[in-house]
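Below is one structure, written out as structure tokens, with a few remarks after it.
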Amino acid sequence: MLTTERSIGASTGRALIAAATLICANASGNPVAPKGTTPFYGAPFEKIPTPAAMTAVGRALFFDKSLSASGSLACASCHDPAHFYGPPNDLAVQRGGMDGRQFGVRSVPSLRYTQGIPPFTEHYFEDEGDDSIDQGPAGGRTWDGRAQSTHEQAQLPLFSPFEMANRSPEEVVAKVQSAPYAAQFRQAFGESVFKDKSLAFKGILLSLETFQQDPADFYPYSSKYDAYLRHQATLTPEEARGLAAFNDVKKGNCARCHPSAMRHGAFPQFTDFGFVAVGAPRNRAIPANAGKDYYDLGLCGPLRTDLKASTQYCGMFRSPSLRNVATRRVFFHNGVFHRLDDVVRFYAERDTQPQKWFPRAADGSVLKFDDLPEKFRGNVDVEPPFDRQPGDKPALGEQDVRDIVAFLKTLTDGFQPKGISN
């Protein structure tokens, strides 16, 4: 049976109710915290917050610009609902910080279809097929997987010096306590919630987490491709060819990192949650990249610090979901490309025509993988279609590129099948 929005929503609601129960006191006044429960979910709120109440509070928080030090930046400023919770413009990085003028260092990912991301692990073993194969790092949120949960991800921008730039949790709580929705927050978590700043801050993060699990906003599965999987729509010849090239290991081989097939009755997320170094060109439009010794190495830093010594991961970033990818105006972790067809073409020609994508040195040689120090360039992915040499025929021709882009456009939410109305 196909997984439907209703069943997804029901299961999410049950999960959130369970989480809410964990963070509330039991009848004897002691926190209910089964063995293995994280401290975050062990917070004893005086009132059981319902999923609906937390979603409403989380939505208010998400759109509140006053939570930033500059007073001009909300979560929604960078994760715009009108742009499928991705960036609202074609800037490689967004501005924030204390004065709202500090440039970030990475492009903004979409928050849609992240509900299934598992916690980060260095050693992921597939539960289908050969489960003895270590597939390497997988899971975690953000480009480098350093956030283990949605509430950890929600916390990062609150304190980032080039995002919302708050100095402490207490500062965030004070802003919420004086916000128009403060009464709504107290109603959800209890009248005395603000007396314990630590507890109130957990309520803020929990509300943001719950809001980001709302199916209608964050995983509606309403694209043409979803309708196709439900047998409610037919792909055009161009879209069908694109899907075939996308899956073909001798052509795009895209499904290796962005699985397109249903699994266990669930719609595909178009990501395997893994990490890969694709060797994207350096984006010199990012101010941080003006420093010749500055490199964004993904898993091994600089934003993530616990894997700094694991140099085999340098240059690896999480494979994002491709849902709604055709609506984006910046691509890759550094926003170096602004056209989807250029991204697909880069995959086809990175190794066969590197001179098209990378700059040249003074002696005329191509500076391939110029956004990685030379000592880490051996980490770059060489699986098909990256298994060719200069002068070889690309795995994808121009027609294949157009077809794959046509297929990727079927992943945009908001498709209305003929004969079906709301």
Side-chain angles (χ1 to χ4, degrees), residues 90-93 103-107 143-144 245 249-254 256-257 275-303 308 310-320 325 328-405:
D90 61 358
L91 298 177
V93 294
F103 286 98
V105 296
R106 292 176 182 164
S107 67
W143 282 108
D144 56 22
V249 296
K250 295 181 179 180
K251 287 195 171 185
N253 199 23
C254 312
R256 177 172 66 98
C257 297
F275 291 80
V276 63
V278 299
R282 189 171 181 86
N283 188 352
R284 287 165 173 77
I286 296 178
N289 284 344
K292 64 178 182 178
D293 296 325
Y294 175 84
Y295 290 96
D296 189 349
L297 300 177
L299 278 181
C300 70
L303 298 185
K308 185 177 180 179
S310 301
T311 56
Q312 71 272 27
Y313 302 148
C314 290
M316 291 186 176
F317 295 86
R318 189 164 60 82
S319 299
V325 69
R328 289 185 65 90
R329 294 158 65 187
V330 290
F331 300 90
F332 289 137
H333 71 279
N334 61 1
V336 67
F337 293 131
H338 296 270
R339 291 168 51 90
L340 183 56
D341 57 341
D342 283 340
V343 176
V344 179
R345 199 170 288 113
F346 170 76
Y347 274 79
E349 299 175 349
R350 188 197 77 179
D351 301 291
T352 62
Q353 301 179 66
Q355 70 278 6
K356 288 183 59 175
W357 306 100
F358 299 98
R360 291 183 181 272
D363 63 1
S365 61
V366 177
L367 295 173
K368 193 176 180 183
F369 308 140
D370 63 323
D371 205 24
L372 275 175
E374 187 172 357
K375 60 184 176 181
F376 300 137
R377 292 174 188 173
N379 296 342
V380 175
D381 188 22
V382 293
E383 293 294 320
F386 300 135
D387 59 344
R388 287 163 165 74
Q389 301 297 320
D392 287 350
K393 182 180 179 181
L396 300 171
E398 276 301 309
Q399 185 62 58
D400 295 317
V401 171
R402 290 193 293 270
D403 290 343
I404 289 177
V405 170

Could you tell me whether the side chain of [Y] reaches within less than 4.5 Å of the side chain of [X], counting heavy atoms only?
X	Y	answer
Tyr295	Phe376	no
Asn334	Ser107	no
Pro373	Leu297	yes

Rounded to the nearest 0.5 Å, what separates atom [atom1] in [X] from atom [atom2] in [Y]?
X	Y	atom1	atom2	result
Glu383	Asn253	CD	CG	7.5 Å
Leu396	Asp403	CG	CG	10.0 Å
Leu299	Lys308	CG	NZ	15.0 Å
Asp370	Trp357	CG	CH2	13.5 Å
Asp351	Phe369	CG	CZ	5.5 Å
Phe331	Arg339	CZ	CZ	9.5 Å

Which heavy atom in [X] sits nearest to a heavy atom in [Y], and how many Å separate them?
X	Y	answer
Pro385	Lys251	CB-O, 3.6 Å
Ala280	Val336	CB-CG1, 4.4 Å
Val276	Ser319	CG1-OG, 3.7 Å
Thr311	Asn379	O-ND2, 2.9 Å
Pro394	Gln353	CG-NE2, 4.1 Å

Given Arg345, which of Ile404, Val401, Leu340, Asp400 fulfils the side chain to side chain contact (heavy atoms under 4.5 Å, CB included) condition?
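Considering Ile404, Val401, Leu340, Asp400, a side chain to side chain contact (heavy atoms under 4.5 Å, CB included) with Arg345 is found only for Val401.
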With Val93, the side chain to side chain contact (heavy atoms under 4.5 Å, CB included) member among Ile286, Val330, Asn289:
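Considering Ile286, Val330, Asn289, a side chain to side chain contact (heavy atoms under 4.5 Å, CB included) with Val93 is found only for Ile286.
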Whether [X] side chain and [Y] backbone form a donor-acceptor pair below 3.5 Å:
X	Y	value
Asn283	Asp371	no
Arg377	Leu372	yes
Arg388	Lys393	yes

Candidate pair Val380 and Lys368, rule side chain to side chain contact (heavy atoms under 4.5 Å, CB included), full reasoning
CA-CA 11 Å; Val380 175; Lys368 193 176 180 183; over 6 Å; no
Walk me through whether Phe103 and Leu91 qualify under side chain to side chain contact (heavy atoms under 4.5 Å, CB included).
CA-CA 10 Å; Phe103 286 98; Leu91 298 177; over 6 Å; no
Within a 6.0 Å radius of atom CZ on Arg284, are there more than 12 heavy atoms belonging to other residues, nucleotides or ligands?
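Yes, enclosed.
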Show your reasoning for whether side chain to side chain contact (heavy atoms under 4.5 Å, CB included) applies to Asp342 and Phe346.
CA-CA 6 Å; Asp342 283 340; Phe346 170 76; over 6 Å; no
Determine, stepwise, if the pair Val105 / Tyr294 fulfils side chain to side chain contact (heavy atoms under 4.5 Å, CB included).
CA-CA 11 Å; Val105 296; Tyr294 175 84; 3.7 Å; yes
Tell me whether the centres of the aromatic rings in Phe275 and Tyr313 are closer together than 6.0 Å.
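No: the rings miss the under 6.0 Å criterion.
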Do Arg350 and Phe358 form a cation-pi contact, if we require the NZ or CZ to be under 6.0 Å from the six-membered ring centre and within 45 degrees of the ring's axis?
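No, a cation-pi geometry is absent between Arg350 and Phe358.
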